[in-house]
Amino acid sequence: MKILVIHGPNLNLLGVREPEVYGKMTLADINAALGSLGQQLGCTLEYFQSNSEGAIVDAIQSSLNSINGILINPAAYTHTSVAIRDALAAVALPVVEVHLSNIHKREEFRAKSHVAPVALGQISGFGPESYLLGLRALATHLGSKS
Ligand code: DQA
């Protein structure tokens with residue numbers, strides 16, 4: 001099983017960015033934790049981070065035919081990007097949406113996700129554990145389909 005992990009804008013600054021909201025782990029720490037869980041679950045992971053909406057759309061499009069599922073934290077684009085949602089719908093791969101913070105407990109504009117309607121589900125509010133829970137959910141889903 002090949003899973004593409006996509007991190008949206010500003011997540012490259014994890015560790016220094018508002019640690020009271022997003023914690024102290026860096027993106028490299030999170031990817032390393034995902035990598036070891038992926039090994040246990042029998043998944044190969046590819047990682048992609050970009051601050052650009054178009055680059056994320058390109059990464060989603062290029063996953064067609066080579067990737068089995070997508071784990072995505074679209075970050076701020078969650079709340080704004082019809083283009084990312086449409087790309088996910090176009091490739092029609094199983095998608096799990098994750099967030100470090102609980103987007104339903106913060107400013108009102110964060111409660112809206114354009115990605116959620118094209119995702120299997122959304123995990124939000126557990127810090128880096130959201131990614132690990134998301135990977136488990138995606139791997140279980142993919143395993144049940146194979
Ligand atoms: C986030 C929540 C978003 O609202 C925010 O714009 C982010 C990170 C999270 O992981 O909690 O950049 O996706």
Side-chain angles (χ1 to χ4, degrees), residues 1-41 43-64 66-142:
M1 283 188 291
K2 250 186 150 182
I3 292 176
L4 175 63
V5 180
I6 300 179
H7 306 282
N10 300 306
L11 295 173
N12 55 313
L13 293 182
L14 285 179
V16 285
R17 175 192 181 201
E18 300 178 84
E20 66 290 353
V21 178
Y22 299 114
K24 290 190 180 151
M25 272 177 93
T26 64
L27 196 61
D29 295 335
I30 290 175
N31 285 342
L34 282 171
S36 41
L37 180 60
Q39 264 187 347
Q40 287 171 43
L41 298 173
C43 306
T44 307
L45 303 189
E46 283 181 16
Y47 308 95
F48 181 79
Q49 190 278 328
S50 180
N51 296 324
S52 306
E53 187 176 22
I56 295 172
V57 169
D58 288 341
I60 293 167
Q61 287 189 9
S62 63
S63 68
L64 200 63
S66 60
I67 292 289
N68 303 106
I70 297 178
L71 182 69
I72 185 166
N73 182 348
Y77 289 138
T78 307
H79 320 299
T80 62
S81 182
V82 176
I84 289 174
R85 173 208 167 113
D86 283 355
L88 292 169
V91 298
L93 290 168
V95 174
V96 174
E97 174 187 352
V98 299
H99 299 281
L100 295 153
S101 63
N102 182 348
I103 59 171
H104 302 284
K105 202 172 157 183
R106 301 181 61 194
E107 300 95 329
E108 213 179 313
F109 68 85
R110 292 187 203 274
K112 168 75 187 168
S113 169
H114 288 288
V115 169
V118 295
L120 292 171
Q122 181 195 74
I123 298 169
S124 175
F126 297 98
E129 188 66 23
S130 292
Y131 281 93
L132 302 176
L133 291 166
L135 178 58
R136 275 187 195 283
L138 187 54
T140 302
H141 174 84
L142 292 173

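The structure presented is a predicted model; accordingly, all values stated were derived computationally and were not measured. Side chains are part of it too, since the values below use all heavy atoms of this structure and drop only hydrogens, waters and symmetry mates. Ligands are counted one by one from 1 in listed order, and the atoms in each one are counted from 1 as well.
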Return the closest protein heavy atom for [atom] as residue, atom name and distance.
{"atom": "atom 6 (O) of ligand 1", "answer": "Arg110 NH1, 3.1 Å"}
{"atom": "atom 9 (C) of ligand 1", "answer": "Leu100 N, 3.4 Å"}
{"atom": "atom 11 (O) of ligand 1", "answer": "Ser101 OG, 2.6 Å"}
{"atom": "atom 3 (C) of ligand 1", "answer": "His79 NE2, 3.5 Å"}

(message) Taking side chain to side chain contact (heavy atoms under 4.5 Å, CB included) as the criterion, tell me which of Thr140, Val96, Ile3 meets it with Leu135.
(response) Ile3
Ignoring hydrogens and geometry beyond distance, is a side-chain donor-acceptor pair present between [X] and [Y] at under 3.5 Å?
{"X": "Ser113", "Y": "Glu97", "result": "yes"}
{"X": "Glu53", "Y": "Asn51", "result": "no"}
{"X": "His104", "Y": "Gln122", "result": "yes"}

(message) Looking only at distances, can you tell me whether any N or O atom of Leu11, backbone or side chain, sits closer than 3.5 Å to an N or O atom of ligand 1?
(response) no
(message) Taking CZ in Arg136 as the centre, count heavy atoms belonging to other residues, nucleotides or ligands within less than 6.0 Å. Is the count above 12?
(response) no
(message) If we ignore hydrogens and angles and just use 3.5 Å, is the side chain of Tyr77 paired with the main-chain N or O of Gly8 as donor and acceptor?
(response) no
(message) Looking at non-hydrogen atoms alone, which of Arg17, His99, Glu97 comes nearest to atom 1 (C) of ligand 1?
(response) His99
(message) Please work out, at 4.0 Å between heavy atoms, whether the side chain, the backbone, both, or neither of Val98 comes within that distance of ligand 1.
(response) neither
(request) Specify side chain, backbone, both or neither for Asn73, according to which of its non-hydrogen atoms lie closer than 4.0 Å to ligand 1. (result) side chain
(request) Please report the closest heavy-atom contact between Ile67 and Leu93, naming both atoms and the distance. (result) O-CD2, 3.3 Å
(message) Under 4.0 Å from a heavy atom of Ile103: which atoms of ligand 1 are those, numbered in the order shown and with their elements?
(response) 2 (C)
